[in-house]
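Below is one structure; the comments refer to it alone.
Since we're looking at a predicted model, the values are computed, not measured.
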There are 2 protein chains.
Amino acid sequence: MAAQRGEGDGVVTSPEAPADVRERARAIPEAAVARLAVYLRVLSGMVEQGVTTISSEELAGAAGVNSAKLRKDLSYIGSYGTRGVGYDVEVLVSHIERILGLTRKHSVAVVGIGNLGHALANYGGFPSRGFPVAALFDIDPDLTGVPVGGIPVNHIDDITSVCAEREVSIGVIATPPQAAQAVCDRLVSAGVQCILNFAPVVLQVPDYVEVRKVDLAVEMQILSFHVARRADEAAGDVVNGIGVDGVVIRP
Amino acid sequence: MAAQRGEGDGVVTSPEAPADVRERARAIPEAAVARLAVYLRVLSGMVEQGVTTISSEELAGAAGVNSAKLRKDLSYIGSYGTRGVGYDVEVLVSHIERILGLTRKHSVAVVGIGNLGHALANYGGFPSRGFPVAALFDIDPDLTGVPVGGIPVNHIDDITSVCAEREVSIGVIATPPQAAQAVCDRLVSAGVQCILNFAPVVLQVPDYVEVRKVDLAVEMQILSFHVARRADEAAGDVVNGIGVDGVVIRP
DNA sequence: ATATGTGAAAGCGTTCACAGCA
DNA sequence: TGCTGTGAACGCTTTCACATAT
């Protein structure tokens with residue numbers, strides 16, 4: 001069992017393999033993949049505004065990164081810009097969509113229909129971006145059959161059959177922490193290889209399963225750290241003889 | 001305006017400053033901070049189970065990292081273990097809490113009381129971890145005064161006064177994307193320096209404001225990328241002359 | 001004997017700066 | 001001239017491996 005990230009997958013590739021899309025996809029850094037998704041969103045907005053061409057500088061500004069990083073990220077997926085001009089927005093959109101695997105539909109199952117599960121089931125951002133919510137599960141028998149966001153809730157015991165039948169490829173865990181590992185195990189045995197985990201638990205999964213986690217408490221605590229750091233810095237600068245306004249108090 | 005991360009904060013510190021907590025806090029890598037929050041959660045569970053001592057190996061396993069990384073992370077906050085024995089759980093908990101600034105209360109304001117806002121307002125994980133939800137805001141006048149999760153919703157126009165009065169230090173944006181930047185600007189002018197953004201928008205903020213984002217569509221697309229990569233690899237291995245089971249098909 | 005704490009090495013990701021092309 | 005694409009330099013993060021302490 002590997003925790004949270006498959007480290008080294010042992011797939012054999014021939015040494016003289018051409019640097020084609022397959023090999024290239026493998027080489028894209030995880031951080032760049034996350035940013036490609038952001039570029040794609042910004043570019044989609046551009047298409048709606050009727051923008052046809054964009055420079056790395058402009059796109060980078062809109063995506064909140066610097067232009068060197070943007071160009072490097074785009075270079076991982078190929079060279080689709082025109083020197084001296086910029087990028088064709090639609091061309092870029094279609095290449096990023098291809099690399100991110102968005103030409104294919106990814107059915108989603110949400111497990112745990114509490115506050116968060118409700119919100120996720122009703123969230124319009126998923127279906128509109130090629131991630132239809134195909135199944136909902138909860139352990140509460142009273143919820144079974146009740147439609148949420150237009151989809152009837154199934155009992156958690158039916159995960160295996162329902163996920164197989166509806167070709168679910170992404171499982172979303174929105175259960176209480178105590179239930180998360182058991183739910184995860186069921187999803188994995190149902191053949192789900194990608195999991196988005198909202199429960200504050202470190203899931204143990206086989207190497208071939210990809211887990212991403214969204215942990216609100218952790219996000220809050222990182223923000224808290226920065227609040228504290230700032231307060232300490234302000235105090236520390238005075239202690240070190242320099243006030244926050246740069247005036248030397250103790251030279 | 002800097003986007004999403006203050007790069008270089010220009011604070012002057014004297015060169016002979018002692019390597020005390022203040023200086024150390026500044027030196028902790030961002031990645032380590034996120035993991036410290038995870039260690040804290042695992043350790044809190046240990047306390048409840050009555051565990052008093054734990055080794056780096058055990059804690060690392062429970063947190064889903066390797067023990068070298070765990071020890072390095074803990075070394076950033078000081079040396080609180082006992083060689084040949086391990087760490088005192090309670091001692092570690094209190095030191096991590098101090099570093100993360102959790103000895104201080106951080107009031108939270110949630111803006112945008114839709115599906116997600118409701119879920120966040122009702123989410124028990126915040127108050128129980130020192131992040132009381134102190135204010136809720138929405139633009140819909142019909143919602144004003146309606147209590148959600150025990151807190152009455154205020155109108156978005158009152159952000160400045162209410163946030164100041166209730167000493168809000170963290171703002172959570174759960175609005176539609178179109179409204180996010182305007183809400184962010186209001187939070188910032190209300191003195192909020194930390195923002196957790198659920199809206200799929202790149203927020204523009206001054207350097208001194210810390211933004212963290214949770215973007216569900218991006219998470220989904222990263223998972224989609226891995227689905228695609230796996231499919232390509234499986235196909236690619238055959239194309240390259242080697243089947244998935246290692247058998248050479250085209251030597 | 002056993003497990004921490006940490007320099008040093010290795011690995012990744014970001015930034016620089018400029019060659020190359022329209 | 002202007003902007004992309006990218007090798008090289010840089011800095012951050014992880015891993016290694018062992019000195020150090022109980």
Starting at atom [atom1] of [X], determine the distance to atom [atom2] of [N], rounded to an integer number of angstrom.
| X | N | atom1 | atom2 | value |
| --- | --- | --- | --- | --- |
| B:Tyr76 | C:dT4 | OH | P | 17 Å |
| A:Arg83 | C:dA22 | CZ | C1' | 9 Å |
| A:Ile28 | C:dT14 | CD1 | P | 13 Å |
| A:Glu57 | D:dG5 | CD | P | 14 Å |
| A:Arg71 | C:dC16 | CZ | P | 11 Å |
| A:Lys69 | D:dT6 | NZ | C1' | 17 Å |
| A:Glu30 | C:dC12 | CD | C1' | 13 Å |
| A:Lys72 | D:dA8 | NZ | C1' | 9 Å |

Most 5' of A:Asp73 and B:Gly84 on DNA chain C, judged by nearest nucleotide
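Counting from the 5' end, the first nearest nucleotide belongs to B:Gly84.
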If you assign A:Ala32 and A:Thr82 each to the DNA chain C nucleotide with the nearest heavy atom, which residue ends up on the more 5' nucleotide?
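Comparing both residues, the 5'-ward one is A:Ala32.
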Can A:Gln221 and B:His106 be said to form a side-chain hydrogen bond (donor to acceptor under 3.5 Å, both in side chains), step by step?
CA-CA 10 Å; A:Gln221 291 173 8; B:His106 300 272; over 6 Å; no
Going by the side chain to side chain contact (heavy atoms under 4.5 Å, CB included) test, name the single residue among A:Ile173, A:Val111, A:Val172 that passes it with A:Ile195.
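With A:Ile195 as partner, A:Ile173, A:Val111, A:Val172 yield a single side chain to side chain contact (heavy atoms under 4.5 Å, CB included), made by A:Ile173.
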Out of B:Gln193, B:Arg212, B:Glu30, which residue meets the side chain to side chain donor-acceptor pair (under 3.5 Å) rule with A:His226?
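Only match with A:His226 under side chain to side chain donor-acceptor pair (under 3.5 Å): B:Glu30.
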Is the phosphate of [N], meaning OP1 or OP2, less than 4.0 Å from a side-chain N or O of [X]?
| X | N | result |
| --- | --- | --- |
| B:Tyr87 | C:dG5 | yes |
| B:Ser56 | C:dT4 | yes |
| B:Asn66 | D:dT15 | yes |

Using side chain to side chain contact (heavy atoms under 4.5 Å, CB included), reason through B:Leu36 and B:Leu74 one step at a time and then give a plain yes or no.
CA-CA 8 Å; B:Leu36 284 171; B:Leu74 293 183; 4.1 Å; yes
Would you indicate which nucleotide in C:dG13, D:dT13, C:dC16 comes nearest to any side-chain atom of A:Ala68?
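Of the candidates, C:dC16 comes closest.
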Value rounded to 0.5 Å, distance of CG in B:Leu216 from CG in B:Leu116:
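Spacing of CG (B:Leu216) from CG (B:Leu116) equals 7.5 Å.
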